[in-house]
*Asks:* 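One structure, pasted below without further comment.
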Protein chains: 2
Amino acid sequence: MGRPTIGDVASAAGVTKATVSHAFSGKRPISPATKARIVAAAEELNWVPSSLARALATRRANAIGIVLARDPEILASDAFFPAFIAGVEAALAPREVALVLQVASTRAGEERAYRAMAQGRADGVVVLDLHAADWRVPFLEELGLPAVLLGAYEDASTFSCVRTDDAAPVRELVDHLLAQGHTRIAHVSGPMGYVHSRVRASAYLERTGSDELLRQGDFTARTGRDLTAELLDLPERPTAIVYANDTMAIAGLSYARSRGLRIPEDLAVAGFDDDHLSAHLSPPLTSVSTDPRRRGEVAAEQLLLDISGRPPRSITLDCTRLRLRDSTGASTEPPHPRSNA
Amino acid sequence: MGRPTIGDVASAAGVTKATVSHAFSGKRPISPATKARIVAAAEELNWVPSSLARALATRRANAIGIVLARDPEILASDAFFPAFIAGVEAALAPREVALVLQVASTRAGEERAYRAMAQGRADGVVVLDLHAADWRVPFLEELGLPAVLLGAYEDASTFSCVRTDDAAPVRELVDHLLAQGHTRIAHVSGPMGYVHSRVRASAYLERTGSDELLRQGDFTARTGRDLTAELLDLPERPTAIVYANDTMAIAGLSYARSRGLRIPEDLAVAGFDDDHLSAHLSPPLTSVSTDPRRRGEVAAEQLLLDISGRPPRSITLDCTRLRLRDSTGASTEPPHPRSNA
DNA sequence: TCTCGAAAGTAAACCGGTTTGACAATGAGG
DNA sequence: CCTCATTGTCAAACCGGTTTACTTTCGAGA
């Protein structure tokens, strides 16, 4: 015989299924004596209600979902993700809500995954890596699946939204570099499809006023290296490079060094995301910490509220901080910009 | 009205639920004409079977679970985890199996989580971070939940097991250091409760023959730093330190530098796990790559086999590789020029 | 003494699928 | 022409819970 069911407990306690159910949910008064018998029987049989059956009956999965559109490869080398998940789990664990993860590489697969979530796998989803006019927003609306969008999204009336001000620290960073006398400041962005890439890039453009030294990368070490090479090969090379994440920054820094440039004297370098190792590099890497853990926690928390029926709301977190470190010469002399030999 | 059900499709197509079910599962022959009507109706109504109801009826969740005993904080700064998950997902995605994640900080919470998995959340679990005599093994046996154990486990008759040889690259590394003339080689291990920590430490002991310079850390940057301080304060300090992971190694390296030691001239340093940034540090960090992605893929693959009824088996992967880099003074990669040389 | 309401429980419907047993219609074999 | 196997479909039971409607009992208030 398989796992004990509520029926087994009921007959062991000499009552019906309904009584057992009520005894545990407390939705109906149950006499102390009966309740004690039921609890004892459940204990004895080692019974725990099947979350599946419960979910079917109550239309509540007690789980929230995340569908990852990212390539597993990128996922593997991303500092944001594990910290974010940790935050989500921190919010979920005390409530015994599970997290369902599914990756999908094609749009069709993504749709299937979201449909599966809607059909009972999850009560709501957290949506990451928003695009400018993201198809998932209307899609999820139609599906009627509660969702929390991470990052800025213009028309977020139907869904809650957890935002951060990514632009401010970038402006602050560029201003800092300008104040140090840098005139040729480059930016290696992420894919412009992403809202967050675009926000960072436009903060950069707002300050520098030109996209001459703007290059589009894809967050991998590879493009960090290649685009750095491209920038350093310019007739008048930049004296500072701001990267859209730490992985690209570190790859770029490492490449610049291999060409004999000193950091930060010959080239100032800054990243974004503040990987936990960045402070330990030499030179330590200037970056922007974004507290992904907190964002995960807040997003999950809000999603649970949305699921319980509260109206969606937009939360703006103040959790981006510029971390000035040696790679931008924060604590050294202003650099002497030179052009290529 | 909510999502369409199989009943809606059935009446739309003028048949019964059973016929619809058979049309899709193919378990009974259905005439082409009827099948076409059913498919059309399903298409029309945008119906997709509820995974919940299906799971209840078939006792198959179509999901596998991972219960993380780690503190969310450690999870956040761990290079192993995201890559492992990526591998698991790579195996799961094409089969439309979901991954259910749950963290639990207490033993009771862990047990609850595994019970919940067994009751329908998941068809099997992957068990990480094995301890020497892990309570989870008999527990899961009793629960009757298929499982794949990651890492060495002596008595793995009932469960499949995915192993790697962590000892070989450590031996190789220590031999390399000995060959370079180092005589005082230290080791900062992980918590000795973990099988993998113990394996690495005993490979170290096997070669050095003494535990005088062995210190037990906990994989965090903090203990990496503190234990390095302790080792460097010894009257006769070590000339090389082997850390059980890269995070501790980088923290240690950084600390040693702050005390004015040159790496690798004054102190050779090596890590374990080969964080994706380690090759980009300066000096690049010698480490051991362990291919967590592949391990995740193989573990998930095997778990699916176990679930489908195949007998458990033990797989040993050959995927640990020593990556010699500048931090131990002998590099297969081109060195970076020293600044201000 | 009679009535009414709350308390404690029961029986059955329901959630949305799958699976099994029954049965009519069809066609092949003897 | 009769039998038997096969095909296609239906009706109902089932998975393991929750929830609703209904019954019985008991004590308090009039």
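Chain naming here is simple, since letters A, B, ... match the order of the sequence lines and numbering starts at 1 in each.
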*Asks:* Could you please name the option among C/dT18, D/dG16, D/dT19 that lies closest to any side-chain atom of B/T58?
*Replies:* C/dT18

*Asks:* Would you indicate, yes or no, if D/dT18 has its OP1 or OP2 atom less than 4.0 angstrom from a side-chain nitrogen or oxygen of A/S21?
*Replies:*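 Yes, because at least one side-chain N or O of A/S21 sits under 4.0 Å from OP1 or OP2 of D/dT18.
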
*Asks:* Look at the side-chain N and O atoms of B/K17 and state whether any lies under 4.0 Å from the OP1 or OP2 oxygen of C/dT18.
*Replies:*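 Answer is no, no contact under 4.0 Å.
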
*Asks:* One thing to verify: whether B/E301 and B/R95 come together as a salt bridge, which I'm taking to mean a side-chain N less than 4.0 angstrom from a carboxylate O.
*Replies:*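 Yes, this pair counts.
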
*Asks:* How do B/T34 and A/V48 order along DNA chain D: which one's closest nucleotide is nearer the 5' end?
*Replies:* B/T34

*Asks:* Spell out yes or no: do the side chain of B/R54 and the base of C/dG16 have one donor N/O and one acceptor N/O closer than 3.5 Å?
*Replies:*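 Per atom types, no contact qualifies.
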
*Asks:* Figure out the CZ/P separation between A/R59 and C/dG17, and round it to whole Å.
*Replies:* 12 Å

*Asks:* Atom NZ of A/K27 and atom P of D/dA21: how far apart are they, to the nearest Å?
*Replies:*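 Taking atom P of D/dA21 as the reference, NZ of A/K27 is at 14 Å.
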
*Asks:* Could you pick out which residue, B/A57 or B/K35, lies toward the 5' side of DNA chain D when each is mapped onto its nearest nucleotide?
*Replies:*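 Per heavy-atom nearest nucleotide, the more 5' residue is B/K35.
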
*Asks:* Using only modelled atom types and a 3.5 angstrom limit, is any donor from either the side chain of B/R28 or the base of D/dT9 paired with an acceptor on the other?
*Replies:*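 Under the 3.5 Å cut-off, the side chain and the base do form a donor-acceptor pair.
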
*Asks:* Taking the minimum atom-to-atom distance to the side chain of A/S50, which one of D/dG17, C/dG9, C/dT20 wins?
*Replies:* D/dG17

*Asks:* Is a donor-acceptor pair below 3.5 Å formed from side chain B/R60 to base C/dG17, judging by atom type as modelled?
*Replies:*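 No, no donor-acceptor pair under 3.5 Å.
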
*Asks:* Side chains of A/R293 and A/F84, heavy atoms from C-beta outward: is any pair under 4.5 Å?
*Replies:* no

*Asks:* Look at the side chain of B/P49 and decide which nucleotide, out of C/dT19, D/dA21, C/dG17, has an atom nearest to it.
*Replies:*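 The nucleotide sitting nearest to the side chain is C/dG17.
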
*Asks:* Whole angstrom is fine here: how far is it from NE2 in A/H22 over to C1' in C/dG9?
*Replies:* 10 Å

*Asks:* Between D/dT18 atom P and A/N62 atom CG, what is the distance in whole Å?
*Replies:*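 Atom CG in A/N62 sits about 11 Å away from atom P in D/dT18.
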
*Asks:* Without decimals, in angstroms, what is the distance between B/L56 CG and D/dC14 C1'?
*Replies:*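 Roughly 9 Å, once rounded to whole Å.
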
*Asks:* Should B/T19 be listed as having a side-chain N or O under 4.0 Å from OP1 or OP2 of D/dC10?
*Replies:* yes

*Asks:* Could you tell me how far apart B/F24 (CZ) and C/dT18 (P) are, to the nearest whole angstrom?
*Replies:* 10 Å

*Asks:* Within this structure, what is the CD1-to-P distance between A/I30 and C/dA8, rounded to whole angstrom?
*Replies:*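 Going from A/I30 (CD1) to C/dA8 (P), I get 8 Å.
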
